[in-house]
Amino acid sequence: MEESDPALVDRVLNGDRDAFQMLAERHSRSVFQLGYRMTGNQEDAEDIVQETFLRAFRHLKRYESRSSFSTWLYRIAANYSLDLMRSRRRFVDCERRDDGAGWLADVASSDPSAHQLAYSGQIRDNIEKAMNELTVVERTAFVLRHYQNFSIEQIGAALGVGENAAKHSIFRAVRKLRRALEPLVTAV
Amino acid sequence: MKPDSASAGSHLTQDQIAEYLYGDAAPELAAHVAACPECGEECDAVYRTLQLLRNWEAPELAPGYESAVWQKLAASLPQQRRAFRFRRPNAVWTAAAALAAMIVVAISLQFAGSRVQEPPADTAQASDAGQRILSVAVTDHIERTMAVLSPLVNAEPQHPARFTDVSVEQNTVEDLLAENRLYRQTAVQDKDRNTAALLDEIGQVLVELEHSPAKLSGPQAHDLQQRLADSSLLSKMKGFVSSNPSPGENGARVIKL
Ligand SMILES: [Zn+2]
């Protein structure tokens with residue numbers, strides 16, 4: 001029978017590194033998934049996986065078993081992603097040209113049989129562009145709500161803001177995504 | 001659409017639709033969606049958008065992914081767990097210490113005063129004093145936050161290709177945010193809902209600013225400006241400051257408690 005996460009955490013805290021290997025292997029895919037959705041980039045997602053487990057290992061004493069271990073990990077991952085994206089955008093945004101209208105026009109004029117395509121590379125591209133239009137805070141709040149099922153309260157705690165602020169970041173994200181992806185949704 | 005069950009004025013906003021779709025909405029909203037074809041259609045569209053996003057996943061990982069992660073990780077893990085360090089000790093602890101010291105002063109003054117003239121001070125009075133002290137500290141915090149935000153709101157509109165450099169503000173913002181969290185938490189504990197709500201709103205803008213790029217593009221700067229203007233946050237802040245003025249040079253207001 002599989003050992004529970006809290007039991008493994010206890011073993012790590014008593015000096016058993018193998019137990020941490022089990023934790024890392026158990027959760028690495030889902031942390032990668034979160035990292036990818038936060039950044040839209042595999043390399044960054046890899047970096048997030050490594051840094052999340054390093055931080056988890058260092059701060060393991062702070063984990064309290066009243067929340068699930070994966071929720072705790074996701075919170076670490078989300079915080080690190082925020083820092084990462086923030087430092088990235090400082091460099092990228094200066095050179096990025098404002099091509100928002102351009103890609104939307106591309107979607108709108110795309111092949112009318114688009115609805116017959118399976119989940120295609122083009123849809124992926126459009127989603128990733130739409131996600132990139134969110135601020136990092138909106139993106140984090142949305143990813144945690146939509147994919148990780150965090151409660152509003154948990155999102156507020158992860159971002160260090162009140163529930164109201166957390167809620168409004170999600171609302172703004174949904175509004176922006178709805179607008180950006182409208183051509184795809186009506187085509188389906 | 002039946003005018004009595006779903007009048008034009010009561011259609012759901014985009015925010016309410018998101019709230020409804022995440023299952024967080026009040027029952028009245030659900031009833032409205034069920035009765036109103038327009039809102040029903042809009043909910044469907046947003047729902048389809050969210051479903052489309054639901055299917056968005058990272059490219060598939062190779063089968064040995066987990067052990068590759070561990071091999072890399074094992075090389076960089078410390079042999080022993082280090083004691084953890086606070087990321088930003090200064091701002092939080094300075095604010096916490098200042099606040100704690102002010103409340104102690106206020107409460108002891110309260111006791112000193114009551115010993116002379118009044119029957120024993122009751123706890124309601126003491127917490128009242130604590131609240132007024134909090135508002136003095138918060139006023140100071142809000143004034144400093146306004147000093148950072150006002151120039152952004154009042155900046156001239158820029159050409160979309162230009163960038164507004166906010167890196168200087170961001171350094172201050174990190175400290176302000178740490179303070180803001182602390183004061184907000186204290187206001188919540190004191191059940192001072194108005195102050196907590198204001199600090200919540202301020203926190204939202206500060207977080208946004210903290211995590212925004214150091215150079216805002218024209219549209220980004222405009223977006224921030226617009227949101228600040230729409231929320232009339234600065235005038236709420238001014239309102240707070242004028243109804244809770246900060247102490248004069250001699251701190252007369254604090255002593256008066
Ligand atoms: Zn309606």
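Order of the sequence lines sets the chain letters (A, B, ...), proteins ahead of strands, with each chain counted from 1.
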Give the member of B:G203, B:P59, B:A45 that has the highest number of heavy-atom pairs under 4.5 Å with chain A.
B:P59
Check each atom of B:L199 against the heavy atoms of chain A and say whether the ones under 4.5 Å are side chain, backbone, both or neither.
neither
With heavy-atom distances below 4.5 Å as the criterion, would you say the side chains of B:Y65 and A:V49 are in contact?
yes
Options B:L61, B:V207, B:L21, B:V46, ranked by heavy-atom pairs under 4.5 Å with chain A, top entry:
B:L61
If I compare all heavy atoms of B:S76 with all of A:Q50, which pair ends up nearest, and what's the gap?
OG-OE1, 4.4 Å
Using only atom types and a distance under 3.5 Å, with no angle test, would you say the side chain of B:R181 pairs donor to acceptor with the backbone of A:G160?
yes
Sort B:E201 into side chain, backbone, both or neither according to what part of it lies under 4.5 angstrom from a heavy atom of chain A.
neither
Salt-bridge present (A:R26, B:E66; N to O < 4.0 Å)
no
Could you walk me through whether A:E25 and B:V69 satisfy the side-chain contact (heavy atoms from CB on, under 4.5 Å) test, starting with their C-alpha distance in whole Å, then the side-chain angles of each, then the deciding distance to 0.1 Å, before giving a yes or no?
CA-CA 7 Å; A:E25 292 189 351; B:V69 165; over 6 Å; no
Determine the option with the most heavy-atom pairs under 4.5 angstrom with chain B, choosing from A:E128, A:K167, A:E46, A:R145.
A:R145
Apply side-chain contact (heavy atoms from CB on, under 4.5 Å) to residues A:M22 and B:W70 and explain how you reach the verdict.
CA-CA 9 Å; A:M22 291 171 80; B:W70 174 251; over 6 Å; no
Does A:R178 pair with B:E42 as a salt bridge, N-O distance under 4.0 Å?
yes
Could you pull out the closest heavy-atom pair between A:V161 and B:D200, with the gap in Å?
C-OD1, 4.4 Å
Verdict with reasoning, A:F142 to B:L53, per side-chain contact (heavy atoms from CB on, under 4.5 Å)
CA-CA 11 Å; A:F142 178 76; B:L53 284 155; 3.8 Å; yes
Check A:R172 against B:Q204 and note the closest heavy-atom contact, atom names and distance.
NH1-NE2, 3.3 Å
Which answer fits B:S67, side chain, backbone, both or neither, if we ask what part of it has an atom under 4.5 Å from a heavy atom of chain A?
both
Do the rings of B:W56 and A:Y36 sit parallel, tilted or perpendicular, given the 30° and 60° boundaries?
tilted
Working for side-chain contact (heavy atoms from CB on, under 4.5 Å), residues A:F53 and B:L77:
CA-CA 9 Å; A:F53 286 107; B:L77 281 183; over 6 Å; no
Quick test of your reading of the model: are B:D15 and A:R175 salt-bridged, counting only N-O distances below 4.0 Å?
yes
Considering only heavy atoms and a distance below 4.5 Å, find which of B:Q14, B:Q16, B:Q51, B:K72 pairs most often with chain A.
B:K72
